[in-house]
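A short worksheet on the structure shown next.
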Amino acid sequence: MRLTRYFLPVLKENPADAQIVSHRFMLRAGMIKQQAAGIYSWLPLGLRVLRRIEAIVNEEQERAGHIPLLMPTLQPADLWRESGRYGDYGEEMLRIKDRQGRDLLYGPTNEEMITDIFRAHVTSYKDLPLTLYHIQWKFRDEMRPRFGVMRGREFLMKDGYNFDIDRAAALHAYNRHMVSYLRSYERMGLTAIPMRAASGPIGGDNTHEFLVLAATGESEVFFDSAVTELKLGARDVDYDDRTQVAKICEEFTTLYARTDETHDAALFDAIPEERRKVARGIEVGQIFYFGTKYSDSMGATVVTPDGSKAPVEMGSHGIGVSRLLGAIIEASHDDKGIIWPEGVTPFPVGIVNLKQGDAGTDAACEGLYKALAAKGLEALYDDRDERAGAKFATMDLIGLPWRITVGPRGLANGVVEVTSRRTGVSEEMTAEAAVAKIVAIYEGV
Ligand code: ATP
Ligand code: MG
């Protein structure tokens, strides 16, 4: 993408109403525009990151054997009357009447609708296990929408639902979700710690939240610092292997890590003092096992091997896709702007032409741009007629992890400069070597 042809409305001034750094940088970098309290347009740069996060979530869900579908944002109220939640959900639910006077709602979550789909089509244990998920906009009329996309009213969520024959199979589905979530967050450059949580309006007794540590997080968390060292890494996971998947979950949930709702002071005090941490965290996902709560009330039964009928065992599992942008920025930035991890960056690399209009630098930049494109990497080429300082400031603000700087002086020596946004370290090398370096960085991403 050539910057002169792009739509990147960066702001010079700090927006007055943005209280936390991620909100401030998302506005300044021209990623989002607020349209109403907690409701945002996704401008091109923001949309690119959102799509990257969605892609990672999709890949990891499909790797775990979970199947995508797409349910609508608007739901008939009658489904929620069946489960009893229409009355219970309260003011967070946006209720709508259509021209026929029928009650609709903008879905805050989809347990009822997915149960309705299941009961319409699945009747036998032979069709299980089954996990269906979608990535869809939700609406919750939050009392205090704030912090930009972190606590929106309209927000994008991945929500998945497992259907299983018995408790053991449903707990395996729960564990599959935990492992696939850990892998997703790691690919986004995040450490998200599974913490034992309380269940709230979804119901159920087995539940973990995934928290990214950040001073601006809304949850108070208590943990053993050793838990932050755990990494899933590139290990091979066979998602059908119940023992292996359960072992990984055990590895990640044995050390003490809880939110304030489930905190147990006595257990916490048993941790060696130097590892006892109280901090704040951002909830970027949650998994629940809730058994037959919805299948009972909505009549979702299957024929079991012995010929009897039983309500299907279920769980639901969510990732805050749009909230993740805020969480990643809170975890990865400096004074000058965002520092995107390679896994989610809107563009893999930026090209800065220090002397736009100079035949030599223009040609070198075009050459780099095309060579990267030939390798499947779309650079953001700053081809504006601007001072070098302004170009660097824009690149630093929008946070591309790598920058290639091209100027007449370097070209005279046959080199360009490759700079890491994270470390600030620059290296001179030929244009070919620069392309090879960037290609190698993104090979495993
Ligand atoms: P919170 O406690 O932050 O209100 P929640 O526990 O009500 O969230 P869940 O029902 O667990 O939310 O939804 C799954 C995920 O969706 C959450 O882990 C969070 O990452 C995201 N999410 C929930 N509410 C919002 C919101 N208002 N804006 C953006 N993301 C949200
Ligand atoms: Mg939650």
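Since the model is a prediction, treat every value here as computed from it, not as a measurement. Both counts, for ligands and for their atoms, begin at 1 and track the order of listing.
- Below 4.0 Å from some heavy atom of Val149 lie the following atoms of ligand 1, by number and element: 29 (C).
- In this model, a donor atom of one side chain and an acceptor atom of the other lie less than 3.5 Å apart for Tyr294 and Arg85.
- In this structure, Met150 counts as a contact residue of ligand 1, since one of its heavy atoms falls inside 4.0 Å of the ligand.
- Any N or O atom pair closer than 3.5 Å counts here, and Met157 shares no such pair with ligand 1.
- With a heavy-atom cut-off of 4.0 Å, Arg140 touches ligand 1 through its side chain alone.
- A cation-pi contact links Arg2 to Tyr369, judged by a cut-off of 6.0 Å to the six-membered ring centre and 45° from its axis.
- The option with the heavy atom closest to atom 22 (N) of ligand 1, from among Phe139, Phe147, Phe155, is Phe155.
- Considering both main-chain and side-chain atoms, Ser322 never comes within under 3.5 Å of ligand 1 through any nitrogen or oxygen pair.
- Near Gly285, with a cut-off below 4.0 Å to any heavy atom, the atoms of ligand 1 are 18 (O), 20 (O).
- Here the CD atom belonging to Glu186 is positioned 6.0 Å from the NZ atom belonging to Lys231, to the nearest 0.5 angstrom.
- The pair Glu386-Lys391 does not meet the salt-bridge criterion, since no charged nitrogen lies less than 4.0 angstrom from a carboxylate oxygen.
- At distances below 3.5 Å, at least one donor-acceptor pair connects side-chain atoms of Arg48 with backbone N or O atoms of Pro346.
- Side-chain contact annotation: Tyr86 with Asp88, donor-acceptor N/O pair under 3.5 Å absent.
- In the vicinity of Glu142, heavy-atom distances shorter than 4.0 Å reach the ligand 1 atoms 24 (N), 26 (C), 27 (N).
- In terms of polar-atom proximity, defined here as any N/O pair under 3.5 Å, Arg151 does make such a contact with ligand 1.
- Of the possible donor and acceptor atoms, one in the side chain of Tyr181 sits under 3.5 Å from a partner among the backbone N and O of His317.
- Counting the atoms of ligand 1 from 1 in the order shown, those under 4.0 Å from a heavy atom of Val284 are 18 (O), 20 (O).
- Glu283 contributes OE2 as its N, O or S atom closest to the Mg ion (ligand 2).
- Using modelled atom types and a 3.5 Å distance limit, the side chains of Glu154 and Tyr40 yield no donor-acceptor pair.
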